[in-house]
Each structure stands twice: as C-alpha cells, then as structure tokens.
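What follows is a short report on a single structure.
Just the heavy atoms: all of them, side chains too, but no hydrogens, waters or symmetry mates, feed the values below. Chain A is the first sequence line, chain B the second, and so forth, proteins listed ahead of strands; every chain is numbered from 1. In this text, all values refer to a predicted model and were calculated from it rather than measured experimentally.
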Protein chains: 2
Amino acid sequence: MARHADTIAEQLEELILSDAFSDGDRLDEVQLAKRFGVSRTPVREAIQRLALSGLVDLRPRRGAFVHQPDAVELMEMFEVMAELEATCARLAAQRITDDALAKLQAANQACEDAVAAGDADGYYRANEGFHHILYAQSGNRFLETETLRLKNRLKPYRRMQLRLRGRMAQSLSEHSAIVDALIAADGPRAADAVRDHVAVQGEKFHRLMATLQAAE
Amino acid sequence: MARHADTIAEQLEELILSDAFSDGDRLDEVQLAKRFGVSRTPVREAIQRLALSGLVDLRPRRGAFVHQPDAVELMEMFEVMAELEATCARLAAQRITDDALAKLQAANQACEDAVAAGDADGYYRANEGFHHILYAQSGNRFLETETLRLKNRLKPYRRMQLRLRGRMAQSLSEHSAIVDALIAADGPRAADAVRDHVAVQGEKFHRLMATLQAAE
DNA sequence: GTCAACGTTTTTGTATACAAGAAATGCCCG
DNA sequence: CGGGCATTTCTTGTATACAAAAACGTTGAC
C-alpha cells in the first residue's frame with residue numbers, strides 16, 4: 001500500500017530492534033517525520049504496523065511507546081518458538097518428501113563443513129537453511145509463516161546464543177538426532193529432539209540473562 | 001491511538017468475518033469512508049491493522065483486497081490451533097495450581113450442566129471458560145495471548161463445528177480426559193488429549209467442508 | 001476485427017490544515 | 001511555601017488538498 005510507509009516501517013523496526021530506543025520511549029511523530037524527511041502520515045502508518053507485531057504499545061490519545069521485552073517475556077517467546085519448531089518437526093516426520101530429506105541432510109552437512117572450517121557466518125546460514133526446510137516440510141504453510149514470524153522477532157536475541165564455546169559441536173549432534181527421527185518417521189521423537197535443540201536452558205539460559213543485564 | 005479508527009477496524013473485521021465481502025473484493029476507501037461517515041484517513045488506518053492479521057491483502061498502489069481463507073488454509077489454521085492448545089496443556093500439566101485445577105473442574109461441571117439442560121449458549125460459554133483456564137495455566141502469557149488471537153480469528157468457523165448431534169457428550173468425556181491428565185501431571189498425555197479434542201477430523205472435517213461449500 | 005498507443009479518469013499515497021484531548025505551566029488561594 | 005485549578009501549549013486524531021500511479025476507454029492503424 002505504501003512506498004514510503006513501507007521503508008519507514010522497516011527502518012523503524014531496525015531502530016527499535018537494534019536498541020536505539022529503550023523500553024517506554026515515546027515515538028514522536030513529528031520528530032520521526034523530520035528524521036525520515038516525510039510528513040506525519042507515512043510515519044503513523046508505519047507505527048500502526050509495528051504496533052500489531054508488538055514492538056510498540058499504542059495508547060489512545062497518548063502516543064506510541066516502544067516495548068522492549070523483559071527477561072520473562074523473552075523466555076516465554078523462546079518457549080513458544082521451541083514449541084512451534086517442535087510441531088513443525090512432528091508434522092514433518094509424517095509428511096517430509098525424500099527430496100526434502102536429502103536437502104535437510106545436505107544442510108546438516110553444510111553445517112558440519114562450516115564448523116570444520118571455523119566459519120561462523122557460514123554456520124549461521126547453513127543452520128538457518130536447515131531449520132527453514134523443517135518449517136516448510138511441516139506441510140502447513142500457516143504454521144511455516146507463523147514460525148518464521150516469531151523467529152524473525154527473536155532474531156536480535158538469537159545471535160547472542162550460539163557463540164558459546166563447544167555449542168556448535170553439540171548443535172551438530174542435535175541436528176543429527178532430528179534427522180534420524182525424521183528418517184524413522186517418528187513424530188514425537190522428532191518433536192522432542194527439536195524442542196531440546198531450540199530450547200533455552202542450562203548454559204544458554206545463563207548466557208542470555210547475562211547479556212540482558214549488560215544491555216541495561 | 002485512534003478513536004474512530006479503532007471502531008472502524010472492529011466493524012470492518014466484523015463485516016469481513018461475517019462474509020459481507022467475498023474473497024478478492026477490493027475495499028474502496030472512499031466508499032467505506034462514506035459508509036462510516038468519516039474521512040479516508042481513519043479508514044486507511046483500520047485497513048492497515050486488518051492487513052497485519054491477514055484478513056486483507058495489501059497490494060502497493062493497487063489497494064486492499066479481502067482475503068477469505070480457503071479450505072486448505074482453514075485446515076492449516078485449525079491444525080496450528082490444536083497444537084497451540086496442546087502446548088498450553090502440556091505446560092499446564094507441570095504448572096497448574098490447585099486452585100486453577102479446581103476452577104477447571106468447575107468449568108467442566110458447568111459444561112455438563114449446560115448439556116443436561118440443553119443450553120447450547122451456556123455450553124458455549126462454559127466451554128470457552130474451560131479452555132481459557134487452560135491457556136492461562138500454561139504459565140506463559142505470550143503463548144496465552146497468541147492462542148487467544150488465533151482462537152478469535154477462527155471463531156466464525158468454529159460455531160459451525162459443535163452443533164453435531166452427540167458431539168457435546170463426546171466433548172464432555174474429552175474434557176474429563178484432559179482434566180485427568182492434568183491431575184496426573186502428565187504433560188504429554190494432556191497434550192494428546194487436547195489435540196484430539198480440538199483437532200478437526202472425522203465427521204467434524206466433513207461438516208466443515210460441507211459448510212464451506214455452501215458458503216460459496 | 002484486433003491490438004496498441006494515447007489521453008482521461010479513478011484511486012492510492014503523501015502533505016498540510018484543522019480540531020480536540022492531554023500534558024505542562026503558571027497563577028491564585030489556603 | 002504547597003496544592004489545586006485554569007490557561008496555555010503540545011500532541012494526537014481527523015479532514016481535506018494535492019501528486020503520482022494505475023485502470024479505463026477511446027481512437028487510430030494495420
């Protein structure tokens with residue numbers, strides 16, 4: 001619908017996710033309009049969109065206030081993320097095609113190669129590919145879309161997770177467990193494997209909390 | 001943020017969900033503005049919001065087109081709904097309080113009473129109460145909110161489901177199975193019980209398909 | 001008769017103007 | 001000196017005006 005409003009929504013989202021605003025900050029329409037060199041109208045449209053995805057709270061006749069999730073909310077979102085991915089896996093175990101299974105194994109191999117090469121960025125991309133194949137093979141486009149939406153929302157908090165020493169190697173063996181369960185067409189086992197893989201627990205949990213503290 | 005835009009978004013949502021528009025219809029801004037007795041501005045804001053919830057597709061420089069889910073999409077959404085509720089149950093099995101468990105049993109009893117009295121509306125309310133307790137007892141507010149959101153989105157398609165002969169009696173025994181699993185703190189069993197309870201399968205599936213055909 | 005190109009007409013997207021409600025300021029009174 | 005109330009200022013919400021892009025119809029050529 002919008003040409004400017006589109007790009008402004010994106011830029012504004014970037015700004016909020018990159019912590020340029022802190023929790024509770026009011027988004028001043030005229031200020032943002034000036035900043036982007038447009039009028040208030042497209043800025044308001046952009047804010048409307050961000051409100052629906054939960055990045056800002058809209059208080060009638062008061063304005064828009066950025067909403068940065070606290071530790072509890074984050075854990076809740078990660079928990080739902082793990083469940084959504086586990087569901088993808090459970091369904092994929094029944095529905096995955098041989099072709100996609102081959103692609104999944106290839107993606108897993110790419111992960112291993114990246115780890116062997118010490119290529120963190122490469123691992124990130126290959127890992128993303130692995131997971132996206134899983135979402136698609138749930139055979140449920142709605143589920144796929146929703147999962148991607150939440151994944152995207154969690155992206156900025158995600159990158160801090162995987163830099164743990166030895167985490168990548170463990171991640172690889174978890175991938176293999178997932179693939180095995182899919183080969184066996186064992187839905188519940190696949191779901192459990194994915195849930196364990198994605199869940200934020202143990203050392204990951206402490207690391208996340210520490211990073212959140214530091215951000216304040 | 002909006003006073004008019006709020007109410008317009010609600011009314012427009014009502015209109016779309018109540019099938020006043022069919023799939024692919026263009027939402028004419030000036031026409032809607034006249035209809036609601038306002039200018040284009042609040043109408044546009046309302047449309048923006050509906051776009052995010054998937055009720056309308058926004059095509060840049062073209063306009064807003066209502067998007068009515070087809071049979072496949074509906075099944076996908078119901079499948080995700082079943083999974084979200086199952087997740088609520090799985091988590092609730094670990095986290096539910098004794099107090100809430102008592103309330104759940106009371107809600108179930110209210111369902112039974114309504115069935116005994118042949119009170120369809122009463123059953124609807126009691127059943128809704130039962131499920132909402134479950135969402136809340138997942139102990140995950142984010143999950144609770146998302147589940148409610150999807151439930152609301154599916155509401156218009158839901159009412160056609162439960163009027164099947166003998167369906168209410170079966171529903172009651174399913175409720176009992178859920179409660180039993182929660183009492184036993186058996187997460188996986190609670191999840192399965194809820195999934196079976198919510199899933200659209202068998203006769204429910206055929207009925208849904210038939211109703212969709214009739215709507216076209 | 002068909003198709004393409006041009007001009008007209010809608011319609012969307014943005015800017016600006018205006019109205020109304022909320023916050024801020026200062027003033028008066030206790 | 002402090003608290004409550006009125007006024008002023010600022011901000012949101014809505015209406016209108018304008019610009020640009022897309023749909024539409026017409027005309028003309030092949």
Any donor-acceptor pair under 3.5 Å from [X] side chain to [Y] backbone:
| X | Y | value |
| --- | --- | --- |
| B/Arg26 | B/Val66 | no |
| A/Glu45 | A/Ala5 | no |
| A/Asp23 | A/Gln68 | yes |

Task: Considering all heavy atoms, the nearest A/Leu17-A/Pro156 contact - done: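 In terms of heavy atoms, the two residues are closest at CD2-CG, 3.9 Å.
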
- [ ] May I ask you to decide whether A/Asp192 forms a salt bridge with A/Arg90, counting only side-chain N to carboxylate O separations under 4.0 Å?
- [x]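 Between A/Arg90 and A/Asp192 there is no salt bridge, as every charged N stays at least 4.0 Å from the carboxylate O atoms.
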
Measure from [atom1] on [X] to [atom2] on [N] and round the result to the nearest Å.
| X | N | atom1 | atom2 | answer |
| --- | --- | --- | --- | --- |
| B/Glu29 | D/dT14 | CD | P | 15 Å |
| B/His4 | D/dT16 | NE2 | C1' | 16 Å |
| A/Lys34 | D/dC10 | NZ | C1' | 13 Å |
| B/Ile47 | C/dT12 | CD1 | C1' | 11 Å |
| A/Gln48 | D/dT14 | CD | P | 10 Å |
| A/Ile8 | C/dT14 | CD1 | P | 7 Å |

Task: Short side-chain N/O contact from B/Arg59 to OP1 or OP2 of C/dT12, under 4.0 Å - done: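 Checking B/Arg59 against C/dT12: no side-chain N or O falls below 4.0 Å of OP1 or OP2.
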
TODO: Please state whether the phosphate of D/dT14, meaning OP1 or OP2, lies under 4.0 angstrom from any side-chain nitrogen or oxygen of B/Thr41.
DONE: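 False: B/Thr41 side-chain N/O out of range (4.0 Å or more) of D/dT14 OP1/OP2.
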
TODO: Could you tell me whether B/Arg95 atom CZ has more than 12 heavy atoms of other residues or ligands within 6.0 Å of it?
DONE: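 Above 12, so yes.
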
Open item on the list: Of the options D/dT11, D/dT14, C/dT12, whose atoms approach the side-chain atoms of B/Arg26 most closely?
Closed with: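 Between D/dT11, D/dT14, C/dT12, the one nearest the side chain of B/Arg26 would be C/dT12.
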
Pairs under 3.5 angstrom only: tabulate donor-acceptor contacts from the side chains of residues 97-108 of chain B to other protein residues two or more places apart or in another chain.
unit_1	atom_1	unit_2	atom_2	d
B/Thr97	OG1	B/Ala100	N	3.0
B/Asn108	OD1	B/His175	ND1	3.3

Open item on the list: Just to be sure I understand the rule, does B/Val38 reach a base, reach only the sugar-phosphate, or reach nothing, if contact means heavy atoms closer than 4.0 Å?
Closed with: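 Here B/Val38 touches the backbone only, sparing every base.
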
Identify each atom pair where a protein N or O and an N or O of nucleotides 18-22 of chain C are less than 3.5 Å apart, giving names and distance.
unit_1	atom_1	unit_2	atom_2	d
C/dA22	O3'	A/Arg62	NE	3.3

Open item on the list: If you assign each of B/Asp28 and A/Ser39 to its closest nucleotide in DNA chain C, which residue comes earlier from the 5' end?
Closed with: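 In this pair, the answer is B/Asp28.
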
